[in-house]
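See below for the structure under consideration.
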Amino acid sequence: MSKSSRSKPKEVGSKQLPIYQHKTKLTQAVKDSTFLVVTGETGSGKTTQLPQYLYEAGFCKDGRIGITQPRRVAAITVAQRVAQEMQCTVGREVGYQVRFDDCTSEDTVVKYMTDGCLLREILADPGLSQYSVVILDEVHERSLNTDILLGLLKKIFSDPAKASKRRHFPVKVVVMSATLETDKLSAFLDNCPVFAIPGRTFPVTCTFGTAVGPKDLESTGYVREVVKVALDIHTSERAGDILVFLTGQSEIERACDLLYEKAETIDYQYDVQDQTVDGILILPLYGSMPTDQQRQIFQPPPPGIRKCVVATNIAATSLTINGIKYIVDSGFVKQLNHNSRVGMDVLEVVPISKSEAQQRAGRAGRTSAGKCFRIYTKEFWEKCMPEYTIPEIQRTSLTAVVLTLKCLGVHDVIRFPYLDCPEERFILEALKQLYQFDAIDRSGKVTQLGELMVEFPLHPGLTRALLKAASLGCQDLLLPVAAMLSVENIFIRPGHPEKQKEADKKHKALAAKTGSMNDFATLLSVFQLCKSSDRPSAWCKDNWIHWRALKSAFSVENQLQEILLRLQQKKDFPVETFSGNKSELFRQCLCTGYFTNVARRSVGKVFCTMDGHGSMVHIHPSSSLFDQETELNWVIFHDVLVTSRVYIRTVCPIRYEWVKDLLPKLHEVDVYELSSVAREEVTDEEMIKWEMKEAAKRQPEVSAEDVMKKLEKRNNETTVSDARARYLQRKQQRQQSKAL
DNA sequence: GAGCACTGC
């Protein structure tokens with residue numbers, strides 16, 4: 001680092017912000033203790049100002065100030081703003097680092113980054129030797145990485161003797177959060193002091209509705225209701241834009257259609273109190289929308305026109321729309337929950353928490369006083385909505401997290417200092433899976449393979465398959481597939497039936513081109529075809545492929561390749577030779593990573609998973625295997641989707657021999673009740689015979705209901721069938737409302 | 001015979 005860059009601290013920061021009058025006390029508070037909790041609502045200026053105050057107070061003489069953010073955009077934009085305030089270019093004294101974009105230099109002393117980036121840094125440098133201050137921001141959001149960092153920082157710096165031995169200038173840890181659960185945070189960090197900064201937001205008055213009560217937990221009636229409320233606002237409230245919160249793309253499109261319809265039938269011009277509002281501009285907003293379409297949302301509406309944005313939760317934290325004065329809150333959100341009892345992730349619609357509802361309401365008070373219309377009753381608020389959102393660490397699969405912790409020397413992952421402990425069975429499940437992948441041994445110690453696996457930003461199963469391929473010298477087959485599976489879905493399926501047919505046709509053709517019924521091979525082929533195309537974006541448009549998603553798959557593939565090359569230069573990188581059929585090489589590599597996701601044909605199109613849960617699953621209609629009448633009896637799959645049925649997606653036929661030796665591994669460490677069939681070493685033929693016998697005992701035709709009943713019986717917790725029941729109920733309601 | 005919120009490395 002150059003000395004000149006920090007010898008003369010400039011007078012920094014904006015004096016207008018509420019935080020300014022606390023400047024001296026705040027820097028003193030940081031000096032006085034190892035841990036400090038700083039609270040303050042949005043608009044207090046803590047994210048941009050605190051690092052500058054600390055810089056000015058000389059905290060950078062001995063190292064950097066690192067500030068984490070849960071989101072990339074936040075890290076980048078905040079760094080840009082702070083650089084501007086400190087009158088330097090981004091990448092010099094002030095910089096940022098996010099995945100694929102490192103904008104820092106030797107001069108950088110104030111570094112904004114994503115929480116995932118800091119976690120990676122700790123992996124390489126467990127003492128965080130280049131930092132004098134580490135600031136975790138937006139801790140109240142409880143992102144998985146921030147929660148892990150919180151535990152790690154507590155563990156590393158809690159013991160002052162240990163901390164000061166590490167360097168003559170001990171690291172300061174500042175945790176910044178909205179004014180929620182601050183006592184809990186302080187207690188967690190050795191009862192450290194709490195510093196509160198008043199915010200600067202405008203009051204938002206909230207009203208409850210009558211449409212959704214405790215009995216309407218599974219109702220979709222709320223789409224009609226939010227439309228009605230939005231139009232009421234439009235006809236009776238003074239100027240100011242509306243933001244409506246719904247749960248997903250299809251719901252949003254339906255709401256927008258209804259709004260267009262209804263808006264046309266009412267008078268075009270209103271006299272709202274003393275102001276005239278001419279009309280309403282209706283804009284949908286969700287994550288997978290094209291970026292240029294998203295950009296429209298931020299443009300101010302034409303004079304006299306009211307803007308009405310109908311959005312997913314993306315508008316709650318990720319994107320801020322100016323000029324919003326009215327909120328319509330449906331009270332629901334779509335959330336991905338991991339169910340360890342059945343070993344799958346279930347995406348479901350659930351009521352939001354009270355804190356989330358407050359967050360939504362707050363979106364109306366950023367520039368002036370606002371109003372929030374909740375369509376649910378006070379009773380719903382009291383009885384159905386939890387105080388706080390369950391943190392991600394308690395809802396998610398922990399396999400990758402546990403491996404990371406183990407590689408950081410945290411051997412006892414159950415007694416790691418979690419701010420909120422995940423359920424023990426979630427941790428056990430993760431350990432079991434890591435053992436199955438040979439990432440840890442029987443004693444729970446990380447293997448050589450595990451040390452390699454932790455380097456990859458991928459699901460452990462994918463990493464396992466990739467490393468197998470690399471050891472056999474065929475990584476070119478797996479790198480693109482791993483990249484494609486770690487970005488959002490690349491196949492576009494539009495809402496309109498006509499276009500849907502067209503897209504399906506194109507996708508089927510792409511699958512047919514590979515000559516094999518293997519969805520993984522289709523992904524590889526799409527990747528290669530697009531990459532070698534002269535005009536890749538046009539190619540995507542023509543084939544109904546998500547260009548934005550594919551572009552990120554290209555950069556992920558690049559990154560994976562770089563990591564792999566670096567690891568292969570180590571002398572102990574495994575090398576194997578392959579004796580089997582060359583054409584089967586690809587699928588056999590996949591088996592190494594997906595033997596935990598093996599299913600065997602049961603009856604007709606119903607398959608039975610072999611992971612010990614024995615769940616009944618169906619091939620998803622988007623799979624190239626869906627309408628194939630073949631003899632195949634064994635498949636591996638990438639993921640499970642619970643809707644009208646339990647579907648497996650991205651499927652690949654395999655031979656029993658390829659997984660025969662791996663399957664026992666699934667049951668060696670028996671944490672859960674295992675399916676009785678899978679435990680036995682049997683041949684394919686024997687398996688089929690057994691299955692025929694079983695099938696004869698049952699009804700000739702296995703209905704979805706039977707399958708679900710079976711699943712339900714198997715699991716005391718009925719999350720999967722609950723989810724399905726809810727889905728069916730919603731579908732029925734939708735049909736009823738259509739009929740009306 | 002199809003229903004994928006949002007992040008992140």
Side-chain angles (χ1 to χ4, degrees), chain A residues 68-75 97-102 113-124 138 141-146 148-149 220 245-254 285-288 311-319 330 332-337 345-350 352 356 389 392 395-396 400-401 403-404 454-459 463 486-495 497 500-501 503-504 507 546 549 552 555-556 559-560 563 605 618-623 626-627 639-645 647 649 704 723-724 726-728 730-731 734:
Chain A
T68 68
Q69 295 290 323
R71 280 171 296 281
R72 292 166 57 99
V73 259
Q97 189 187 349
V98 296
R99 191 186 191 183
F100 304 128
D101 194 1
D102 182 358
M113 63 191 125
T114 49
D115 47 12
C117 274
L118 187 65
L119 201 55
R120 287 277 139 187
E121 272 187 40
I122 296 188
L123 215 47
E138 311 285 6
E141 284 188 30
R142 304 299 304 278
S143 86
L144 180 61
N145 286 333
T146 296
I148 295 294
L149 283 172
T220 44
F245 281 105
L246 285 174
T247 66
Q249 176 176 346
S250 61
E251 229 174 65
I252 286 169
E253 277 165 4
R254 213 147 43 89
L285 172 65
Y286 44 85
S288 60
T312 60
N313 234 19
I314 195 172
T317 47
S318 308
L319 297 175
S330 66
F332 288 95
V333 70
K334 210 175 266 186
Q335 201 173 63
L336 187 72
N337 293 317
D345 291 335
V346 182
L347 191 70
E348 52 190 347
V349 175
V350 295
I352 56 172
E356 212 170 344
T389 309
E392 203 184 348
R395 298 187 277 114
T396 202
V401 165
L403 181 61
T404 309
V454 79
E455 299 285 330
F456 291 90
L458 290 176
H459 292 296
T463 312
S486 59
V487 301
E488 52 184 314
N489 188 10
I490 55 144
F491 296 104
I492 299 171
R493 195 154 195 273
Q500 218 166 65
K501 268 186 197 161
D504 290 351
H507 294 161
H546 224 290
S552 58
S555 37
V556 171
Q559 190 192 26
L560 297 177
I563 297 170
K605 289 193 173 179
H618 293 250
I619 305 243
H620 194 268
S622 66
S623 168
F626 180 75
D627 36 26
D639 64 351
V640 182
L641 181 67
V642 180
T643 49
S644 57
R645 282 176 165 169
Y647 287 107
R649 285 184 312 178
R724 181 174 167 276
R726 255 170 285 184
Y727 173 86
L728 290 177
R730 282 201 298 274
K731 197 167 180 179
R734 224 171 300 155

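In what follows, every chain begins at residue 1, and chains take the letters A, B, ... in the order their sequences are listed.
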Distance check needed: [N] [atom2] versus [X] [atom1], whole Å only.
X: A:E392; N: B:dC9; atom1: CD; atom2: P; result: 13 Å
X: A:N337; N: B:dC4; atom1: CG; atom2: P; result: 14 Å
X: A:L149; N: B:dC9; atom1: CG; atom2: P; result: 12 Å
X: A:F100; N: B:dG8; atom1: CZ; atom2: P; result: 11 Å
X: A:N489; N: B:dT7; atom1: CG; atom2: P; result: 16 Å
X: A:R395; N: B:dT7; atom1: CZ; atom2: P; result: 14 Å
X: A:D101; N: B:dG8; atom1: CG; atom2: P; result: 13 Å
X: A:R649; N: B:dG3; atom1: CZ; atom2: P; result: 8 Å

For [X], which contact category applies under a 4.0 Å heavy-atom criterion: base, sugar-phosphate, or nothing?
X: A:R493; answer: base
X: A:R99; answer: base
X: A:Q249; answer: sugar-phosphate
X: A:Y647; answer: sugar-phosphate
X: A:T114; answer: sugar-phosphate
X: A:D115; answer: nothing
X: A:L336; answer: base

Would a 4.5 Å heavy-atom cut-off, applied to side chains only, mark [X] and [Y] as touching?
X: A:T317; Y: A:E141; result: yes
X: A:Q335; Y: A:T389; result: yes
X: A:S288; Y: A:N489; result: no
X: A:N313; Y: A:E356; result: yes

### Query
In terms of the nearest nucleotide of DNA chain B, which residue is placed more toward the 5' end: A:L641 or A:D627?
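The residue mapped nearer the 5' terminus is A:D627.
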Which one, [options], comes nearest to the side chain of [X]?
X: A:K334; options: B:dA2, B:dT7, B:dC4; result: B:dC4
X: A:R72; options: B:dA5, B:dC9, B:dT7; result: B:dC9
X: A:I314; options: B:dG1, B:dC4, B:dC6; result: B:dC6
X: A:F626; options: B:dG8, B:dA2, B:dG1; result: B:dG1

### Task
Carefully, step by step, assess A:E251 and A:T247 under the rule side-chain hydrogen bond (donor to acceptor under 3.5 Å, both in side chains).
CA-CA 7 Å; A:E251 229 174 65; A:T247 66; 2.9 Å; yes
### Query
Under 4.0 Å between a side-chain N or O of A:T312 and OP1 or OP2 of B:dC6?
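Yes, within the criterion.
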### Task
Using a cut-off of strictly less than 4.0 Å, decide whether A:H620 has a side-chain nitrogen or oxygen near OP1 or OP2 of B:dG3.
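For A:H620, the contact criterion (side-chain N or O under 4.0 Å from OP1 or OP2 of B:dG3) is met.
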### Query
Between A:T404 (side chain) and A:A400 (backbone), is there a donor-acceptor pair under 3.5 Å?
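Yes.
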### Query
Going by modelled atom types, is there a donor-acceptor pair between the base of B:dC6 and the side chain of A:N313 at under 3.5 Å?
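Under the 3.5 Å cut-off, the side chain and the base do not form any donor-acceptor pair.
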